*Asks:* 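Can you read through this structure? Questions will come right after.
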Amino acid sequence: MNFSLEGKTYVIMGVANKRSLAWGIAKTLDEAGADLIFTYANERFEKPVRQLAETLKNKNSRFYLCDVTNDESIDQAFETIGEDVGSIAGLAHCIAFADKNDLKGEFIDTSRDGYLLAHNISAYSLVAVTRRAEKLMTDGGKIVTLTYLGGERVVQNYNVMGVAKASLDATMKYLANDIGKKNIRINAISAGPIRTLSAKGVGDFNSILKDIEEKAPLRKAVTQEDVGANAYYLLSDLSNGVTGEIIHVDSGYSILG
Ligand SMILES: CCCCCCc1ccc(Oc2ccc(Oc3cccc(O)n3)cc2)c(O)c1
């Protein structure tokens, strides 16, 4: 069984900066020899993503604008990717967003707009992206998305993002059912809290991080590299036979009551 990713092309969606979990995944796939394609939500992210990609082993990354709230943008991105590279081996969906006012206080105060925004970007986008990406996975494929424990049980302050992650988890499983017959596997990594730009938007992040370091079985926070390693597993033949699964990369925290 060959676990090198030489000659395989992967799409990485959601690199914002060097702390992004998407960037941890990119570095690991690059190390394994993959060719990478980066999509970014708006031109503000193009330069930082290009600068980060310059530090990779493989200097031939490609970059495409893809605003997942806009179906034409998704169509355009994946049509162009198809024209440029033909087929892809896999895709990492590392995209989520909620209004920060909905990530603190009481969940019951969530507005209709805030609820729909969080679900549109953090859950529906996986359907929209998978429907386009599966057409490029002509020799089977692997998809991974990022979720969090707050979608399985209540985590104070995570609020509407928790509800969106619950939807993302079910979305991933229903997609697994549809695309399995095309030899495409889709799974999720449920990462423990890591200090990223996104994490800054969630109220009281620091106390959760401290809780992990004090109580999680491994007594330490997980790293961007831990997420990268498990994404390599899920995006390669190492995880053949696994689909619709959620891997908790969280130092074991989720096994506690
Ligand atoms: C109280 C829970 C602490 C642990 C949270 C771990 C975590 C950290 C970051 C996560 O990703 C996001 C992504 C977008 C997001 O929405 C944001 C982020 C920054 C600003 C803003 O206006 N919205 C919130 C969290 C995520 O889903 C989960």
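Quick note: numbers below take in every heavy atom, side chains included, and nothing from hydrogens, waters or symmetry partners. Just so it is clear, the model here is predicted, and its values are computed rather than measured. For ligands, and for the atoms within them, numbers begin at 1 and follow the listed sequence.
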*Asks:* Taking non-hydrogen atoms only, is L146 closer than 4.0 angstrom to ligand 1 via side chain, backbone, both or neither?
*Replies:* neither

*Asks:* Hey, which atoms in ligand 1 end up nearer than 4.0 Å to a heavy atom of Q156?
*Replies:* 1 (C)

*Asks:* Does at least one non-hydrogen atom of D204 fall below 4.0 angstrom from an atom of ligand 1?
*Replies:* no

*Asks:* Is ligand 1 less than 4.0 angstrom away from at least one heavy atom of A98?
*Replies:* yes

*Asks:* So if I count the atoms of ligand 1 from 1 in the order they appear, which ones are less than 4.0 Å from some heavy atom of V202?
*Replies:* 1 (C), 2 (C), 24 (C), 25 (C)

*Asks:* Starting from atom 4 (C) of ligand 1, which protein heavy atom do you reach first, and at what distance in Å?
*Replies:* Y148 OH, 3.5 Å

*Asks:* Can you find a non-hydrogen atom of M161 under 4.0 Å from ligand 1?
*Replies:* yes

*Asks:* For A176, check side-chain contact (heavy atoms from CB on, under 4.5 Å) against everything at least two apart and list the hits.
*Replies:* I186, T243

*Asks:* May I ask you to list the atoms of ligand 1 that are less than 4.0 angstrom from any heavy atom of K165?
*Replies:* 27 (O)

*Asks:* Where is the nearest protein heavy atom to atom 3 (C) of ligand 1: which residue, which atom, and how far?
*Replies:* I208 CG1, 3.9 Å

*Asks:* Tell me the protein heavy atom at minimum distance from atom 26 (C) of ligand 1, and give that distance in Å.
*Replies:* Y158 OH, 3.4 Å

*Asks:* Below 4.5 Å, heavy atoms only, C-beta onward: do D109 and D102 meet side chain to side chain?
*Replies:* no

*Asks:* Any chance NZ of K200 has more than 12 other-residue heavy atoms, nucleotides or ligands included, within less than 6.0 Å?
*Replies:* yes

*Asks:* Test of understanding: clusters of I, L, V, M, F, W, Y form through side-chain heavy atoms closer than 4.5 Å, transitively. Do M13 and L168 belong to the same one?
*Replies:* yes

*Asks:* For L234, does its backbone N or O pair with a side-chain atom of S239 as donor and acceptor, under 3.5 Å?
*Replies:* yes

*Asks:* Say whether, by atom type as modelled, one donor and one acceptor occur between the side chain of K59 and the main chain of L56 under 3.5 angstrom.
*Replies:* yes

*Asks:* Which residue and non-hydrogen atom of the protein lie closest to atom 14 (C) of ligand 1, and at what distance in Å?
*Replies:* A96 O, 3.4 Å

*Asks:* Verify the ring-centre separation between Y40 and F63: is it less than 6.0 angstrom?
*Replies:* no

*Asks:* Name the closest protein heavy atom to atom 20 (C) of ligand 1, giving the residue it belongs to and the distance to 0.1 Å.
*Replies:* G201 CA, 3.9 Å

*Asks:* Starting from atom 18 (C) of ligand 1, what is the nearest protein heavy atom, named by residue and atom, and what distance separates them?
*Replies:* S198 O, 3.3 Å

*Asks:* Test D75 against every option in K135, R132, R131 by the salt bridge (Lys or Arg N to Asp or Glu O under 4.0 Å) rule and name the one that passes.
*Replies:* R132

*Asks:* List every atom of ligand 1 that sits less than 4.0 Å from any heavy atom of A199, numbering the atoms from 1 in the order shown and giving each element.
*Replies:* 8 (C), 9 (C)

*Asks:* Looking only at side chains, do R219 and S251 share a donor and an acceptor under 3.5 Å apart?
*Replies:* no

*Asks:* Under 4.0 angstrom from ligand 1, any heavy atom of G203?
*Replies:* yes

*Asks:* Let me have the donor-acceptor pairs involving side chains of residues 136-145, under 3.5 Å, with sequence neighbours excluded, atom names and distances please.
*Replies:*
| from | atom 1 | to | atom 2 | distance (Å) |
| --- | --- | --- | --- | --- |
| K142 | NZ | D237 | OD1 | 2.8 |
| T145 | OG1 | H93 | O | 3.3 |
| T145 | OG1 | H93 | ND1 | 2.8 |

